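Have a look at this one.
Sequence lines set the chain letters: A, B, ... in the order given, protein chains first and strands last, and positions in each chain run from 1. Since this is a predicted model, take the numbers as computed values, not measurements.
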Protein chains: 2
Amino acid sequence: MSNLKSEHIPRATIQRLAIYVQVLESLRNDNVEVISSEHLARICDVNPSQIRKDLAYFGEFGVRGVGYYVQDLNSSIKKALGVDRTWNCALVGVGNLGRAILRHKVFKQRGFHIAGAFDCDPFKIGEVVSGLEVICSRRLPEKVKELNIEIGVITTPPERAQRAANYLVDANIKGIITFAPTRINVPDHITVEYVDFFHHFFNVAFNITLKDRED
Amino acid sequence: MSNLKSEHIPRATIQRLAIYVQVLESLRNDNVEVISSEHLARICDVNPSQIRKDLAYFGEFGVRGVGYYVQDLNSSIKKALGVDRTWNCALVGVGNLGRAILRHKVFKQRGFHIAGAFDCDPFKIGEVVSGLEVICSRRLPEKVKELNIEIGVITTPPERAQRAANYLVDANIKGIITFAPTRINVPDHITVEYVDFFHHFFNVAFNITLKDRED
DNA sequence: GCATGTGAACAGGTTCACAGCT
DNA sequence: AGCTGTGAACCTGTTCACATGC
């Protein structure tokens with residue numbers, strides 16, 4: 001019952017759609033009602049046909065001769081991506097980064113609700129962070145079921161990432177987002193996303209170096 | 001005096017090189033001395049020729065019939081990317097995320113040293129976070145010069161990101177990495193990298209949705 | 001012999017140009 | 001008239017296959 005027009009959607013498209021949503025929501029707050037692909041493209045710094053192509057994967061959302069209704073387009077994209085609802089997440093690893101994510105309201109705003117915080121450090125278990133009690137990672141299976149969690153977020157140090165992943169797999173999680181700088185092994189049916197901000201740092205360093213080397 | 005073999009290097013290549021460095025460093029810790037492109041490829045989950053092509057942009061680092069010397073390759077890549085030295089960074093916006101980054105030792109380990117923390121909130125100015133005193137953002141120009149800072153890291157809320165960017169531009173920064181979910185405007189000669197972990201969340205949500213819709 | 005380095009073939013994503021609607 | 005939707009052209013990045021060199 002998929003309403004996709006095409007089979008495979010480029011990951012770059014998903015990334016851009018996330019940006020469009022970001023921009024559309026801020027446009028909506030500014031009470032902009034209609035926008036053309038050309039205008040939206042300028043804001044997002046992409047090619048207008050790129051936007052139209054990206055949207056074409058999912059359907060026809062615009063009005064010819066007019067443009068796109070901001071509100072409509074926004075909810076259509078979110079619906080197409082499956083982010084028109086709340087996703088419950090389990091965060092594993094209550095360190096600095098974990099705490100920052102737990103406190104970051106934007107996650108909830110965008111539909112990703114951290115419903116449980118887990119750690120295997122006995123000193124952390126029981127502590128309350130941002131209204132959530134830290135629970136022993138071993139209890140993931142029971143809690144995932146109870147709290148209706150579908151996504152796992154790994155924020156452990158690299159050496160404990162695989163163990164965290166194992167707990168999540170055992171708990172029957174459907175997808176994992178890991179911030180730990182290591183590759184992890186999980187069964188094929190589980191989607192894994194690696195968040196790696198270092199390549200952004202590398203890229204900036206490289207670009208600066210390139211420019212400096214030009215002399 | 002560039003030692004690049006080719007003019008433009010795909011951003012995807014840079015991203016993978018960052019992964020290779022990550023993996024090579026962990027291999028080195030495990031005392032692995034030599035590795036073939038095939039083996040490295042399996043770990044990084046890419047195609048072996050991909051690795052060889054990525055490296056070919058910068059030179060010849062391998063030994064035919066043998067493979068790559070882990071230690072050598074690691075330092076060669078870092079040198080090629082310009083991350084074989086320390087980069088001083090200014091962090092603007094001492095909120096939850098900013099604090100997490102300030103405390104995250106990995107940044108320093110990888111050569112990105114946060115040398116100054118800035119905020120415009122008078123309640124935060126003067127506070128000491130992870131050994132750094134929070135300084136008024138207005139003082140960026142003087143501090144950037146004094147501390148020899150080349151990279152700016154924006155961790156403000158979205159509505160203050162542009163202002164932070166302006167301060168950084170005025171301070172003559174060379175590159176910016178922003179974690180705020182908004183587009184910012186800066187002069188062309190300044191490299192900007194947008195860190196956006198939401199698309200990872202979107203992607204996981206989308207993949208799960210796809211799988212669920214298959215029924 | 002064996003794994004790298006690389007030109008040639010391929011695949012996939014992006015842009016163009018215009019047909020199709022409103 | 002104007003902007004979307006889309007097939008075709010283009011271009012960039014990936015994979016293949018083999019020549020090259022240790």
Side-chain angles (χ1 to χ4, degrees), chain A residues 3-20 23-24 27 32-74 76-77 80 199 203 206, chain B residues 3-20 23-24 27 32-74 76-77 80 199 203 206:
Chain A
N3 47 8
L4 290 183
K5 287 201 160 178
S6 162
E7 261 322 293
H8 180 251
I9 284 124
R11 119 179 246 96
T13 291
I14 306 288
Q15 184 157 355
R16 281 190 299 268
L17 287 169
I19 296 173
Y20 304 158
V23 171
L24 288 168
L27 285 169
V32 178
E33 288 189 352
V34 183
I35 194 163
S36 66
S37 60
E38 196 189 322
H39 186 188
L40 183 57
R42 210 163 14 232
I43 300 174
C44 301
D45 201 26
V46 297
N47 184 297
S49 4
Q50 184 74 80
I51 293 186
R52 300 200 294 273
K53 261 280 152 64
D54 286 337
L55 298 176
Y57 283 111
F58 296 95
E60 307 192 1
F61 305 118
V63 183
R64 296 177 192 217
V66 180
Y68 300 90
Y69 289 97
V70 172
Q71 178 77 269
D72 272 16
L73 182 58
N74 185 41
S76 297
I77 296 177
H199 83 265
N203 211 25
F206 177 56
Chain B
N3 47 7
L4 289 183
K5 287 199 160 181
S6 162
E7 261 321 295
H8 181 253
I9 285 122
R11 116 179 249 98
T13 291
I14 305 288
Q15 185 156 356
R16 281 190 300 268
L17 287 170
I19 296 173
Y20 305 156
V23 171
L24 289 169
L27 285 169
V32 178
E33 287 189 354
V34 183
I35 192 163
S36 65
S37 61
E38 196 188 323
H39 186 187
L40 184 57
R42 210 163 16 233
I43 299 174
C44 300
D45 200 27
V46 298
N47 185 297
S49 4
Q50 183 74 82
I51 293 185
R52 300 201 295 272
K53 260 280 151 66
D54 286 338
L55 298 176
Y57 282 113
F58 297 94
E60 307 192 2
F61 304 119
V63 183
R64 295 174 193 219
V66 179
Y68 300 90
Y69 289 97
V70 171
Q71 179 76 269
D72 272 16
L73 182 58
N74 185 40
S76 298
I77 296 177
H199 85 264
N203 212 24
F206 177 56

List in chain and number order the residues that pass salt bridge (Lys or Arg N to Asp or Glu O under 4.0 Å) with B:Arg42, two or more places apart in sequence or in another chain; answer none if no residue qualifies. B:Glu38

Whole Å only: how far is the OH atom of A:Tyr68 from the P atom of C:dT22? 14 Å

Looking at residues at least two apart in the chain, or sitting in another chain, which of them share a side chain to side chain contact (heavy atoms under 4.5 Å, CB included) with B:Ile77? B:Leu17, B:Tyr20, B:Val21, B:Leu24, B:Leu55, B:Leu73, B:Leu81

Write down the distance between CG (A:Leu55) and P (D:dC3), rounded to a whole number of angstrom. 16 Å

What I'd like to find out is whether the side chain of A:Arg16 reaches to under 4.5 Å of the side chain of A:Val46, using heavy atoms alone. yes

Contacts of B:Ser49 meeting side chain to side chain contact (heavy atoms under 4.5 Å, CB included) (sequence neighbours excluded), chain-then-number -> B:Asn47, B:Arg52

B:Arg64: salt bridge (Lys or Arg N to Asp or Glu O under 4.0 Å) partners, not counting sequence neighbours: none

Let me confirm one number: the CZ-OG distance from A:Phe61 to A:Ser76, rounded to the nearest 0.5 Å. 5.0 Å

Evaluate the side-chain proximity of A:Phe206 to B:Ile9: yes if any heavy-atom separation is below 4.5 Å, no if none is. yes

Qualifying residue, where the test is side chain to side chain contact (heavy atoms under 4.5 Å, CB included) with B:Val70 and the options are B:Val34, B:Val32, B:Leu40: B:Val32

From CD1 of A:Ile51 over to P of C:dT15, roughly how many Å is that when rounded to an integer? 11 Å

Quick check on contacts: within residues 35-44 of chain A, what sits under 4.0 Å from DNA chain C by heavy-atom distance? none

Pairwise N/O distances under 3.5 Å, protein to nucleotides 11-17 of chain D:
unit_1: D:dT14; atom_1: OP1; unit_2: B:Arg16; atom_2: NH1; d: 2.8
unit_1: D:dT14; atom_1: OP2; unit_2: B:Arg16; atom_2: NH2; d: 2.9
unit_1: D:dT14; atom_1: OP2; unit_2: B:Gln50; atom_2: NE2; d: 3.4
unit_1: D:dT14; atom_1: O5'; unit_2: B:Gln50; atom_2: OE1; d: 3.0
unit_1: D:dT15; atom_1: OP2; unit_2: B:Gln50; atom_2: OE1; d: 3.3
unit_1: D:dT15; atom_1: O4; unit_2: B:Lys53; atom_2: NZ; d: 3.0
unit_1: D:dC16; atom_1: OP2; unit_2: B:Asn47; atom_2: ND2; d: 3.3
unit_1: D:dA17; atom_1: N6; unit_2: B:Arg52; atom_2: NH2; d: 3.4

Output the rounded distance in Å from CD (B:Glu60) to C1' (D:dG21). 10 Å

B:Asp72 CG to C:dT4 C1', in whole Å, measures 15 Å

Whole-Å distance between D:dG21 P and B:Arg64 CZ? 6 Å

